[in-house]
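Written out below as structure tokens is the structure these notes cover.
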Amino acid sequence: SMRRGGSWRRMPIEIQYSLGKPTYRSSQLDDSFLKGFLRNFYLRRCCHKCPARDLRSGSDITLGDFWEVSSLPASFDDDTGVSVVLANSERGSGLVNSILPQVETAPSSYDAVCAFNPTLKSNYPPSRKRSKFFREFRKRGFDEFVSDLERPDFVQRAYRLLWWMKRLVVNGEVNRL
């Protein structure tokens with residue numbers, strides 16, 4: 001199991017190599033692999049040009065995490081995560097309908113799901129740091145290199161500065177400085 005235990009918001013990770021006691025536990029704050037994965041440093045190239053996007057996989061159902069579940073009624077947000085199930089065919093609708101009596105559900109639309117899961121419709125953009133990662137990580141060591149890549153580069157720092165400046169101007173906070 002890759003994720004288990006605690007709030008999903010901290011993105012706990014647990015790797016169990018054999019039955020019994022887990023051999024590794026961490027969170028997105030501490031785990032180098034998860035940090036780099038969430039920043040798209042080493043997604044496979046096919047993830048950037050996925051032919052299955054926008055319900056083109058040919059599957060009867062699509063399963064995934066329902067991000068921003070807090071947009072649903074409060075009773076649904078139990079802090080353990082909520083799945084989204086999309087019926088993509090008549091057969092998929094039959095399968096979903098057959099399990100409805102056994103699961104807790106809330107209705108939603110495809111557009112609402114896509115609003116919080118934009119990669120259902122569009123590809124992940126490759127990280128600008130992806131090439132650098134594959135070129136150099138073996139030389140420097142995985143943990144150290146991911147930690148270095150996490151630091152914002154000049155473009156990211158400039159973008160943040162411009163974002164904050166715009167926010168100050170738009171909110172009228174410049175006059176209060």
Side-chain angles (χ1 to χ4, degrees), residues 1-17 22-59 62-71 77 79-86 108 110-171 173-174 177:
S1 168
M2 286 295 282
R3 288 191 205 158
R4 186 189 302 175
S7 168
W8 67 269
R9 287 177 177 87
R10 288 191 341 258
M11 289 205 157
I13 184 169
E14 178 180 301
I15 300 173
Q16 190 171 341
Y17 296 104
T23 28
Y24 177 82
R25 279 189 185 169
S26 191
S27 75
Q28 71 171 352
L29 301 175
D30 302 316
D31 185 77
S32 295
F33 173 79
L34 197 49
K35 287 178 186 179
F37 179 78
L38 292 173
R39 287 169 179 79
N40 300 341
F41 293 161
Y42 32 79
L43 287 181
R44 295 176 55 102
R45 285 190 181 113
C46 61
C47 293
H48 307 301
K49 296 177 184 173
C50 180
R53 295 264 184 247
D54 211 13
L55 304 178
R56 293 186 307 243
S57 70
S59 67
T62 299
L63 302 173
D65 294 329
F66 196 130
W67 294 103
E68 297 298 323
V69 69
S70 57
S71 66
D77 189 3
D79 203 35
T80 60
V82 172
S83 296
V84 63
V85 181
L86 301 173
S108 190
Y110 182 65
D111 289 336
V113 172
C114 288
F116 302 118
N117 298 270
T119 55
L120 277 170
K121 285 188 172 184
S122 59
N123 291 310
Y124 281 105
S127 168
R128 289 190 341 260
K129 298 179 180 183
R130 185 182 193 281
S131 296
K132 185 176 184 177
F133 172 82
F134 282 104
R135 203 173 45 247
E136 299 181 26
F137 87 93
R138 291 188 206 285
K139 300 173 197 168
R140 303 212 17 226
F142 186 83
D143 291 336
E144 178 187 335
F145 192 52
V146 167
S147 182
D148 286 350
L149 284 177
E150 276 189 299
R151 292 190 196 110
D153 59 21
F154 174 76
V155 173
Q156 290 167 315
R157 289 191 310 269
Y159 178 80
R160 276 192 203 152
L161 177 62
L162 290 172
W163 184 86
W164 277 106
M165 289 170 63
K166 178 183 174 187
R167 184 173 172 199
L168 289 171
V169 170
V170 168
N171 293 337
E173 296 176 23
V174 170
L177 294 177

Exercise. Taking only residues two or more places apart in sequence, or in another chain, which ones meet A115 in a side chain to side chain contact (heavy atoms under 4.5 Å, CB included)?
Worked result: none
Seminar exercise, completed: When every non-hydrogen atom of L149 is compared with those of K129, the smallest separation belongs to O-NZ, 2.6 Å
Seminar exercise, completed: One should read off an interatomic distance between L38 CG and F33 CZ, to the nearest 0.5 angstrom, of 9.0 Å
Seminar exercise, completed: Residues at least two apart in sequence or cross-chain that pass side chain to side chain donor-acceptor pair (under 3.5 Å) with K35, listed by chain then number, are none
Exercise. With sequence neighbours left out, what residues match N40 under side chain to side chain contact (heavy atoms under 4.5 Å, CB included)?
Worked result: L43, Y124, S127
Problem set entry | side chain to side chain donor-acceptor pair (under 3.5 Å) against E150, all qualifying residues, sequence neighbours excluded | R39
Exercise. What residues form a ring-ring contact (aromatic ring centres under 6.0 Å, His included) with F145, not counting sequence neighbours?
Worked result: none
For this session: Would you please name every residue forming a salt bridge (Lys or Arg N to Asp or Glu O under 4.0 Å) with D30, sequence neighbours left out?
Result: none
For this session: Determine which pairs satisfy side-chain hydrogen bond (donor to acceptor under 3.5 Å, both in side chains) with at least one residue from residues 44-54, sequence neighbours left out, and list them in order.
Result: R53-N123, D54-Y110
Exercise. Aromatic rings F134 and F137: how do their planes relate, parallel, tilted or perpendicular, breaks at 30° and 60°?
Worked result: perpendicular
For this session: Indicate the ring-plane relationship of F142 and F133, choosing parallel, tilted or perpendicular according to the 30° and 60° boundaries.
Result: perpendicular
Seminar exercise, completed: Those residues at least two apart in sequence (or on a different chain) that pass side chain to side chain contact (heavy atoms under 4.5 Å, CB included) with S122 are none
Exercise. Is there side-chain contact between V84 and L120, with at least one heavy-atom pair below 4.5 Å?
Worked result: no
Exercise. Can you name the side chain to side chain contact (heavy atoms under 4.5 Å, CB included) partners of A52, sequence neighbours left out?
Worked result: C50, S57
Seminar exercise, completed: Sorted by chain and residue number, the side chain to side chain donor-acceptor pair (under 3.5 Å) partners of N117 (sequence neighbours excluded) come out as none
Exercise. Residues two or more places apart in sequence or in another chain: which of them pass side chain to side chain donor-acceptor pair (under 3.5 Å) with Y42?
Worked result: none
Problem set entry | Partner set under salt bridge (Lys or Arg N to Asp or Glu O under 4.0 Å) for K132, not counting sequence neighbours | none
